[in-house]
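Because the structure is predicted, anything quoted here is derived from the model rather than measured.
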Number of protein chains: 2
Amino acid sequence: MSRETGPSAQIVRVLADELAGLPSGTRVASEAEVGQRFGVGRAAARAALGELERRMLVSRIQGLGTFTRRRVDYLVAPGRAPSWSRTLREAGASPRTVVLACDAVPLPADVATALEVAPGTRGFRLVRRSHIDQMPAAWGVEWLAADLVPELPAALRVEESLDTILRETAGVRPERAWTRASVEPAPEEASDGLGCRPGDPAWLMASLARDGAGGRPLLSTERWVRADAVRVVLELGDGRDA
Amino acid sequence: MSRETGPSAQIVRVLADELAGLPSGTRVASEAEVGQRFGVGRAAARAALGELERRMLVSRIQGLGTFTRRRVDYLVAPGRAPSWSRTLREAGASPRTVVLACDAVPLPADVATALEVAPGTRGFRLVRRSHIDQMPAAWGVEWLAADLVPELPAALRVEESLDTILRETAGVRPERAWTRASVEPAPEEASDGLGCRPGDPAWLMASLARDGAGGRPLLSTERWVRADAVRVVLELGDGRDA
DNA sequence: CAGTGGTCTAGACCACGGG
DNA sequence: CCGTGGTCTAGACCACTGG
C-alpha cells in the first residue's frame, strides 16, 4: 500500500490534505501554480488536479479555475418526506430550482398507468433543474395530473417547492411510495441538463409519490442527480435497525 | 448538442459504437493501434480509451491491454434474497468468492449490538472478495455469531455461498432486513481489496440479514462493490408499483 | 523479449470567462 | 486582454504482463 507511482500521486495527497479543511467554493491553485510549486510540468500538475476532480473534491471550470466543492447528503428512506428542497435545506444547503418547461399535455400511457388515471388525462409535464450553492445538481422530468393543481405554472412562479405547492394548494400530503435508484455514466441528454460532461457519474432516480391520506398517486418523477454534488444514501429497512 | 471539442470525442463515439455489440472480455485496439487508425498521436488515442474506461465500457490492464467489460445488474429490494451468489447467477454471471480471512473472535460492541447478542460473544469475522468473470467485483467484512455455524471455516471450503451454508447448516432462512447503500470514491483500503485504483467509484453497502422465521439477526456485512463491475439498482417501495 | 498501459516533459493552439 | 482549463503533438522512460 501507499506505493508511489510518480510525483503526481504525492501532489494529490498533499493537495487533498490542504483542501480538506477549506470551505466549499474556495479557489484552488491553477495548473501553472501547482506545476511551479511542485517543480513539475503542466501535464503532471493537470493530472493531479484532474484526480482531485475525479475524487469529487474539486470542480474545474474552463476559464474560471478550480474550486473546492462539498457533497451534500441526501438520505432516501421509506417514510422520509420526498421533498428535495426541504431535505437539502435541513442538510444546510441553499437549493434553488428553475423551471425549464411546464406544459399542459395529455399524460402518456406509462405515466397515466403509474398515476392510476385514464390514458390521455390532462396533466403537467414539468422539466426542472435544481442547483445547490449555484451549481447545477439535478435535472429531470416530473408528471402530475392537471386536476391536482390546475394553476401549476402560476404557483411555480411563487413557490419553488412542488411538495409545498401540493400540500397547500391541492391539500394533499405527499409521501414517498416507490423509488428506484442507480448510478450511470450521464448520457448526453442528462449531462446537458446537469451542466457536466457526458459520462460523468450521476444518479438516475425514478420515484412515485402518493397522498398520505387516501393513497392516491400524485407525482411521477425521473431525475438525474450529479454524483459529485449530492451524496445520495439509500436506506432499505424494516425500521428496527439504525 | 453533439458539439465537437476535438478528434478524441469522435474517436470515443466510433469506438463506443463498435464495442456495443461485442461480448465481455473482448480485446480492444491498443493505444498505438487507435492512434494509427485515426491518425492521431498517442495522447489523443489514450484520452479516448481512458474516456471509454470512465464510461465503464472497457477495463484497461497494464501489460495486458484494453478489454470490453459488462456490468452485471444487481437488484436490491425489500423481500429479495440477500444472496450475492444467487442474485448474480440468476443474472447470468459466474460469481466466485474467495475467503481472505475467517477468524473466530469476540464480536466488537457495534456488531454485537446489531446482531442482538452480548458484547464479546464469540463470532466469526469473515473477509471475502467476490469475482465476476474472473474480475474482482466486491470486497468486505461480514460478521456472524459463532453458534450459528460453529464449523464455518470448514463449511466455506465446500460451499461458497454463505446464504446456502446458513440455510443448510444452521437451518435458518436469511432475509434482507436492513440495507444502506451509497457511492464513494474508493479509499485505499477498499481499492486494494477491489483491485482498482483509489478514487474509482464504488458502492459502499452495509446490511443486516435476519432469519425469516423468528427474526433473529444472522449476518452483518459491510462491502465495497466496484461500480464498473456491478450496476446496483436499489428499489424502495410499498410493492404496489412496478 | 516485445507489447501493453502509466507517467512525465516541453511546447503548442484553442475555448471560455472576466475585467 | 489575460489567465483559466481542454486538447493535442512528439518524444521519453517506466512498470507490468506474457511468451
*Angle between terminal axes - the helix from dC1(C)-dG18(D) to dG18(C)-dC1(D), 5 pairs each end, rounded to 10°*: 10°
*Sequence neighbours excluded, every pair satisfying side-chain hydrogen bond (donor to acceptor under 3.5 Å, both in side chains) that has a member inside residues 153-162 of chain B*: Ser161(B)-Thr164(B)
*Got a sec, which residues hit side-chain contact (heavy atoms from CB on, under 4.5 Å) with Val149(A), two or more places apart in sequence or on another chain?*
Leu152(A), Ile165(A), Leu166(A), Thr169(A), Ala170(A)
Would you tabulate the nitrogen or oxygen pairs shorter than 3.5 Å linking the protein to nucleotides 5-7 of chain C?
residue, atom, partner, partner atom, Å
dG5(C), OP1, Thr66(B), OG1, 2.9
dG5(C), OP2, Glu31(B), N, 3.0
dG5(C), N2, Gln62(B), NE2, 2.9
dG6(C), OP2, Arg46(B), NH1, 2.8
dG6(C), OP2, Arg46(B), NH2, 3.0
dG6(C), O4', Gln62(B), NE2, 3.4
dG6(C), N7, Arg42(B), NH2, 2.7
dG6(C), O6, Arg42(B), NH1, 2.8
dG6(C), O6, Arg42(B), NH2, 3.4
dT7(C), O4, Arg42(B), NH1, 3.4

Exercise answer: donor-acceptor pairs, residues 21-28 of chain B side-chain atoms, under 3.5 Å, sequence neighbours excluded:
residue, atom, partner, partner atom, Å
Ser24(B), OG, Arg70(B), N, 3.4
Thr26(B), OG1, Pro23(B), O, 2.6

_Please enumerate all residues that pass side-chain contact (heavy atoms from CB on, under 4.5 Å) together with Ser207(B), with sequence neighbours excluded._
Arg176(B), Thr179(B), Thr221(B)
*Return the set of residues passing ring pair (Phe, Tyr, Trp, His ring centres under 6.0 Å) with Trp203(A) (not counting sequence neighbours), or none when no residue passes.*
Trp203(B)
*Could you check how far CZ of Phe38(B) sits from P of dC8(D), rounded to whole Å?*
13 Å
Just distance, no hydrogens or angles: give the donor-acceptor pairs under 3.5 Å from side chains in residues 89-98 of chain A, sequence neighbours left out.
residue, atom, partner, partner atom, Å
Thr97(A), OG1, Ser130(A), OG, 3.1

Would you be so kind as to tabulate the donor-acceptor pairs closer than 3.5 Å made by side chains of residues 57-67 of chain B, with sequence neighbours excluded?
residue, atom, partner, partner atom, Å
Ser59(B), OG, Arg69(B), NH1, 2.6
Arg60(B), NE, Thr66(B), OG1, 3.1
Arg60(B), NH1, Glu31(B), OE2, 3.3
Arg60(B), NH2, Glu31(B), OE2, 2.9

*State which residue, out of Asp163(B), Leu144(B), Leu126(B), Leu208(B), fulfils the side-chain contact (heavy atoms from CB on, under 4.5 Å) condition with Leu219(B).*
Leu144(B)
*Between atom CD in Glu33(B) and atom C1' in dA2(C), what is the gap in whole Å?*
14 Å
*Base, sugar-phosphate, or nothing for Ala44(A), non-hydrogen atoms under 4.0 angstrom?*
sugar-phosphate
